[in-house]
Amino acid sequence: LAARLAEIRQSVAKLERAHPGVPTYLTLGVPQMHRHLPGPGLACGVLHEVAAAAHGDRPAALGFLFALTAVAQHVRPGPAVFVAARRALADFGKLYGHGLRQLGLDVGRLILVETRTHKDALWAIEETLRSDVAAGMVAGAVEHSLDLTTSRRLNLAAGVHATPLMLLRGTKAAGISAAATRWRIAAAPAARDRFGDFAQWRWHVVLERARNGRPGEWLIEWNHVAHRFRLVEGVADRAPVASTGLRAG
Amino acid sequence: MSRIVSVWLKAWPIARLLRAQACAPADAVDPGRPLVLVAPGKGGACIFALNRAAQRGGLVIGELLSNARSKVLDLQTRDADPAADAAALRKLALWCLRYTPIVASWDEISGADGLFLNITGCAHLFGGEKQMLADLAARLRSFGLVPRLAIADTAGAAWALARYGDSDHAIIPVGAQSEALKRLPLAALRLSEATQLLMRRLGFRRIGELIDQPRAPFAARFDGELLARLDQALGHAPEPLAPIVSPPVYRSQALFAEPIFSQEHVLEAATRLLKPLAKDLVRKAVGARLLRLLLFRVDGGVLSLDLGLAAPSRDVRHIVQLIGLRLYRLGGEFEADFGFEAAAVHVLVAERLAERQSLLGMGEECIAPDGLARLIDRLQQRLGPGAVHQLIPYQSHIPERAVRSAPPSPRASPTFQRTPSVRGEDRGERQEQAQAQVSSRGLSPGSRVRQAPSDIVLAKLDRAEIADGWIPGIKPGMTVAWEAPRAPSAPRPLLLLPQPEAIEVVALIPEGPPRQFRWRGVLHQVAATQGPERIAPEWWHRTGEVERDYYLAEDREGRRFWLYRAGLYGRGDAAPQWFMHGVFG
């Protein structure tokens, strides 16, 4: 009888655990990018890295990371958690709620964790991933080097609830890590509407490393209402850069 | 009727000085020779406290130091330090929590050199009042103090007997304080100098002469002080004690046969303390929101750890885990010294928590519905208070005021029961009220205390103080409404600088948008701008702020900045200044 009971318990557990309708990929909305990745979008349950092309591009990289967080919040239940060591963003100030909202995030479902050291930040990320909470997204900002062992640990932890995990790395991020992808982000002039106002943010995105995929390079535009990216085709689509400076005066 | 222990520590400042100097032997005083502590007074330095040898030399408190020096030749003097005395007394009072949760230190009128312990319903845990008093006296003596103790029904009577009684460990039976006080001098009523002088002139010397007198003439003459003190001592009028820590709603305590040292043992002890506590919480259908773990060192110190929980819980494993994380954060500050001889867990705030059915097939390690609250707890214990937070909007046009950070609400968990919302303004008020209730009532007379199996002891108030919604720092029922119609529609930066930074800007025309700017030594050529968006200061705050014209500026590399011009041209004398306020993603 005991064996039978255990069997039933197991099958019930399986039924209860399975979250129907929770996707295992975060779609980016750009088929051209998906072709470079092993699946239709960013795989959940593994580590993805985001790095800035230069120090001044760090806000842009953070913007890209939060755009993906918005995608995750849109399709996955559970809160998004952002963990940052105090020093990681110190150069550019503190996250601003209205700015996050304008990127398309549900700020009410975003939990911010601020730690004193990078070690604590990594602990907090792992603790969140391994907890009972099936977070919609766990993101972090970590300056210091992430060795192979640490990134493997994070990878395993992300697999517990198949949580998407993104880390904003330092500009010099390089070398081996267990991350599935590494994105290198640079700022790009924003799209303008016909009145000359800034309409949509754009980023120059380089897929540096992709496990089971191939590298690529795109100029993409973020649609914060539809929660998807769009590929910007060619230079012709860019905002007219030269002649707009005087408009507002 | 409550039972109060009064502890008078004779020559407390001297005892404290001697104890403090045991740690720093340099510049030590000889306790055998006359020693006085001096404080500035009328006409020069006066004696504040003195030891027995100095007393034998004929010195008294309040005497001028110059006179004292002429009376006693080899007089040792030190400066009095009332602040350090009070701090040490508070430490000792914390240690006394091992006997009872309600401990108050004497106020100025009572002399500030003693303690009141409300031991109602606690004495039998130590084998009765007599044994408890003997234990307390022995331990205080081992700290090098000279205690005089008394137990009575009222704080006033206990104080009087400790200060003026014959025995140094008097126990007055229930209701007999009137008999006991009769022979004591009037000073034992804690009267002011003027009242005492007047009473002496009227020929009253002892309390007994006063007890049976008609009240009306005294009430007319003495401003209420005399009769109020008398009534307090006799138990006709209440005398509220101000406990040094707010008394717990539930508590559980253990005394160890051998002192414990390591963190593992502390966690083990906490588990044993929490188990009976959890049963009690289940019976009352409440969960703990604020817990305090007290570890009593052998040498009289106390390590006190407060644990705030994001949601009510009575899960022993979870709470012990939190204690472990908290001890980890303590790191080097976790000092057992000679070991901990007792431990107590106090539940300071409890909230309703209904029974919940666990999912079939999940067994022990079920996916807890309040998982998010637990996660927040763990993160907060390890990372410190304020590390975990959420952003909430605030109605203000000034950008830096439009967002506030708040402790996270575990609302994303599906079954989290939200208590009725409490508005932010009256939260503090309610908290004060609730605390006032707790402190004024103290242990109610009918409180039951029972002896649990083993040496674990559980004492609790009869009426559980259930507070919904006034946990420090956590605002239940707070709706996070970011999509409010008043949220700004103009672009807002992803990162806001904590302080706007002054920048040098070149513009084509004074009121125009910037063409180039230098921020942190780097020159940025502006390729495109949007703005201005004028944000006027809030006139109802007289802060001397000026209008700001915000521009969103994009440089040639596509990086976007939020900068503003403070002030207007053509008004006043100072030219407008430019500031950098944030960056966009």
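Residue numbering restarts at 1 for every chain, and letters A, B, ... go by the order of the sequence lines. What you see is a predicted model; the values in this text were computed from it and never measured.
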Given the options [options], which has more heavy-atom pairs under 4.5 Å with chain B than any of the others?
| options | answer |
| --- | --- |
| A/A135, A/A61, A/A188, A/G63 | A/A188 |
| A/A6, A/A124, A/P59 | A/P59 |
| A/A186, A/A67, A/S131 | A/S131 |

Is chain A contacted by the side chain of [X], its backbone, both, or neither, given a heavy-atom distance below 4.5 Å?
| X | answer |
| --- | --- |
| B/Y328 | side chain |
| B/L379 | both |
| B/V526 | neither |

* To do: Count the heavy-atom pairs under 4.5 Å between each of B/G585, B/A553, B/A507 and chain A, then report the option with the highest count.
  => B/G585

* **Largest heavy-atom contact set with chain A, pairs under 4.5 Å, which of B/L383, B/V583, B/V522, B/L494** => B/L494

* Asked: Do the rings of B/F517 and B/F561 sit parallel, tilted or perpendicular, given the 30° and 60° boundaries?
  -> perpendicular

* Asked: What orientation do A/F229 and A/F64 show, parallel under 30°, tilted 30 to 60°, or perpendicular over 60°?
  -> tilted

* To do: Taking atom types as modelled, find out whether A/H224 and A/Q200 have a side-chain donor-acceptor pair closer than 3.5 angstrom.
  => no

With only heavy atoms counted, which part of [X] is less than 4.5 Å from chain B, the side chain, the backbone, both or neither?
| X | value |
| --- | --- |
| A/E127 | both |
| A/W222 | neither |
| A/L103 | side chain |

* Asked: Knowing that exactly one of B/Y551, B/Y550, B/W519, B/W562 qualifies, which makes a ring pair (Phe, Tyr, Trp, His ring centres under 6.0 Å) with B/W578?
  -> B/Y551

* **Ring-face cation contact, A/W201 with B/R560, 6.0 Å cut, 45° max** => yes

* Carboxylate-amine/guanidinium contact A/D91 A/R58, below 4.0 Å -> no

* Asked: What about A/F66 and A/F82, are their ring centers closer than 6.0 Å?
  -> yes

* Structure fact -> CD of A/E114 to CZ of A/R86, rounded to nearest 0.5 Å, is 5.0 Å

